[in-house]
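Below is one structure, written out as structure tokens; the observations come after it.
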Amino acid sequence: MDANLAALLYLVSGLLFIYALRGLSSPETSRQGNRAGMIGMAIAVLTTLFYQPPAGPFSLIIIILGVAIGGAIGAWRARTIQMTAMPQLVALFHALVGLAAVLVAASALNAPQAFSLGSPIHVSSLVEMSIGAAIGALTFTGSVIAFLKLDDRMSGKPILLPHRHLINISLGILLLLFIVAFSLSGDHIVFWTIALVSFALGVLLIIPIGGADMPVVISMLNSYSGWAAVGIGFTLGNLALIITGSLVGSSGAILSYIMCKGMNRSFISVILGGFGGETAAPPPGAAQAETRSVKQGTPEEAAKMLKAAKSVIVVPGYGMAVAQAQHALREMADVLKKNGTDVKYAIHPVAGRMPGHMNVLLAEANVPYDEVFELDEINKDFAHADVAFVIGANDVTNPAAKTDPHSPIYGMPVLDVELAKNVLFVKRGMGSGYAGVENELFFRPNTTMLFGDGKKVVESILRVFEGK
């Protein structure tokens, strides 16, 4: 294939990726965006195969087998994955991208002639190779730790090492020195030392981060995986990798910034892994918190309260995802709307365990897009709502974020659920949220707790509506 034609096809692929991101910015155009992304990726892969064909039939067979096996695994996981496990899957995707960057860099170092890098490899290529490998290695181990935390295979609470900031700074300086040494020498041992230091940094940067901040971590690692691809793209002279990596890296960074702003976090602290890991002293009287009583209700009482309401705001959270209650919730909302009730949905930027988690679930249940509102749009309406129906949203509704300076989530903008006339809180039990913080909303006089599986509780309310 001619080099000019390959460059043109890579450009078309990049434009399709840009259109894909634009489409994914809205639920109404997300399907078109996904299609555009898939077409763009197919063009990029086929162009690479024809522009730089494999050396011999054996290499082609290996590539075909790799694509077939990887594609089969991807299709299987896409069809079988539960929405509750989607954050873990995304973390694993990022880990694979990071590991791929390290392996491609290692391959280019071992066989520079196969990548048209020349011998010896030019200094600029060594710099690009080392940076891409370093970011990729950091992304790999950081994403693995994020997966373990999200999948409850590791505690979601911050794991704090003594002198961790000093250790991270020392490793960072050491990494820079090794990158300079590798760029001047091209030594294989130095390359793998860079990878090992980056692997360690990935672990150390993510383990101090608490569960409430994990959605931001996912977004941040997404950005890192993009920049790793950019570094390797420059090394290989592959325009498609450069464009794709730049899009992923910049969009992930922008999303991380938006989420940090929404959570009152420092963007610089996010990049350095320094947020979420600070412990606060327990608030005065915390030891007596468990002795406080809550008001417990029944589905019958909840149905009566909802039927009498003129305005209801539904606040979904991770508990709704675990119970797969979104369809039953939409059916309940439909009944209320037929009764003349105004129903809205309030989404916090970090509800669930990944960006957009709740939006996807509600879209899956065919909840109208114009009924779903973000925090900034809906917070003013809680004071005028008759009922706030909270289903599994714990940390993002905790008033302590506004009132308790000792709380680990203090300063994080939360939904003003407590301002509603009545609050119905659906929850399995009195356990704390993912951040490990007890929710002060449970003990407010206008809050009624509905204990049980979210889907079963909503279905019980529906049966009361239907007179069964």
Side-chain angles (χ1 to χ4, degrees), residues 156 210-216 259 262-265 283 289 292 294-297 302 305-306 309 311-323 325-326 329 343-355 357-359 361-362 372-404 407-452 454 457-458:
D213 298 319
M214 199 50 64
V216 187
M259 294 178 71
M263 294 174 65
N264 195 31
R265 304 294 194 189
R292 291 182 288 177
V294 298
K295 182 167 61 176
Q296 185 174 348
M305 189 182 298
L306 288 166
S311 172
V312 173
I313 299 179
V314 179
V315 182
Y318 188 67
M320 182 192 76
V322 172
Q326 61 269 27
L329 195 64
V343 179
K344 296 177 181 177
Y345 296 81
I347 305 293
H348 192 279
V350 294
R353 294 190 181 178
M354 64 177 283
H357 199 174
M358 295 301 106
N359 302 75
L361 286 173
L362 295 179
V372 181
F373 298 89
E374 300 292 335
L375 180 145
D376 291 337
E377 301 172 302
I378 196 71
N379 251 359
K380 63 182 182 302
D381 296 335
F382 279 105
H384 309 292
D386 294 311
V387 177
F389 189 86
V390 184
I391 177 165
N394 203 331
D395 298 319
V396 299
T397 62
N398 194 339
K402 298 179 286 186
T403 61
D404 184 6
S407 174
I409 62 172
Y410 181 70
M412 182 179 86
V414 294
L415 292 162
D416 295 333
V417 173
E418 76 279 3
L419 299 181
K421 185 177 179 182
N422 296 288
V423 178
L424 292 173
F425 207 120
V426 182
K427 201 173 184 299
R428 289 179 181 271
M430 286 293 293
S432 59
Y434 196 52
V437 182
E438 190 171 47
N439 195 341
E440 290 296 315
L441 184 62
F442 299 162
F443 309 101
R444 295 294 175 100
N446 60 332
T447 299
T448 300
M449 302 297 296
L450 300 171
F451 293 114
V457 170
V458 176

Notebook entry, point to check: Does the pair Glu377/Lys344 count as a salt bridge with the N-to-O cut at 4.0 Å?
Noted result: no
Can you give me the closest heavy-atom contact between [X] and [Y], atom names plus distance?
X	Y	result
Pro316	Ala346	CD-O, 3.3 Å
Ala385	Ser311	CA-OG, 3.8 Å
Ala323	Gly454	CB-N, 3.7 Å
Phe389	Val426	CZ-CG2, 3.6 Å

[X] side chain to [Y] main-chain N or O, any donor-acceptor pair under 3.5 Å?
X	Y	answer
Asp386	Val312	no
Asn446	Val423	no
His348	Pro413	yes
Lys295	Pro445	yes
Asn379	Val414	yes
Asn398	Leu441	no

Next item on the list: Decide side-chain contact (heavy atoms from CB on, under 4.5 Å) for Phe382 and Glu418; before the verdict, give the C-alpha distance in whole Å, the side-chain angles of both, and the deciding distance to 0.1 Å.
Entry: CA-CA 8 Å; Phe382 279 105; Glu418 76 279 3; over 6 Å; no
Rounded to the nearest 0.5 Å, what's the gap from [atom1] on [X] to [atom2] on [Y]? Could you check?
X	Y	atom1	atom2	value
Leu415	Asp381	CG	CG	11.5 Å
Lys380	Leu419	NZ	CG	13.5 Å
Tyr318	Leu361	OH	CG	10.5 Å
Phe451	Lys427	CZ	NZ	8.0 Å

Any side-chain heavy atom of [X] within less than 4.5 Å of one from [Y]?
X	Y	answer
Val396	Leu375	no
Met305	Leu424	yes
Met358	Val315	no

Note to self: Hydrogens and angles aside, do Thr397 and Asn439 bring a side-chain donor and acceptor to less than 3.5 Å of each other?
What the structure shows: yes
Notebook entry, point to check: Which is it for Leu329 and Met320 under the side-chain contact (heavy atoms from CB on, under 4.5 Å) test, yes or no, and what are the steps along the way?
Noted result: CA-CA 9 Å; Leu329 195 64; Met320 182 192 76; 3.7 Å; yes
Notebook entry, point to check: More than 12 heavy atoms of other residues, nucleotides or ligands under 6.0 Å from NZ of Lys421: is that the case?
Noted result: no
Item checked: Stepwise side-chain contact (heavy atoms from CB on, under 4.5 Å) check, Ile347 with Leu362 -> CA-CA 10 Å; Ile347 305 293; Leu362 295 179; 3.7 Å; yes
Check: With sequence neighbours excluded, what pairs up with Phe425 under the ring-ring contact (aromatic ring centres under 6.0 Å, His included) test?
Finding: Phe442
Check: Taking it one step at a time, do Thr447 and Val294 satisfy side-chain contact (heavy atoms from CB on, under 4.5 Å)?
Finding: CA-CA 8 Å; Thr447 299; Val294 298; over 6 Å; no
